[in-house]
Amino acid sequence: MNLRLITFAIVLLAVYLAFGDFLTASTLSTPEGFVSDIGRAIGGAVTGVATKVGNLLGS
């Protein structure tokens, strides 16, 4: 049970660190800017994860 809570907390922190600034800034901008910022955030997060996995595998 404690492992599940720790995993949830880590995932929640990662999501906040990846998207927190974009969501805060985007609420003050236009809807088009909001969608653009979210797209960039998702792309950056996916690229970061892929890079880390590649580094771990030695590719």
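For the atom pair CG of N2 and OG1 of T7, the computed distance is 10.5 Å after rounding to the nearest 0.5 Å.
Partners of L13 by side-chain contact (heavy atoms from CB on, under 4.5 Å), not counting sequence neighbours, listed by chain and number: L17. Residues passing the side-chain contact (heavy atoms from CB on, under 4.5 Å) test with T47 are T51, sequence neighbours excluded.
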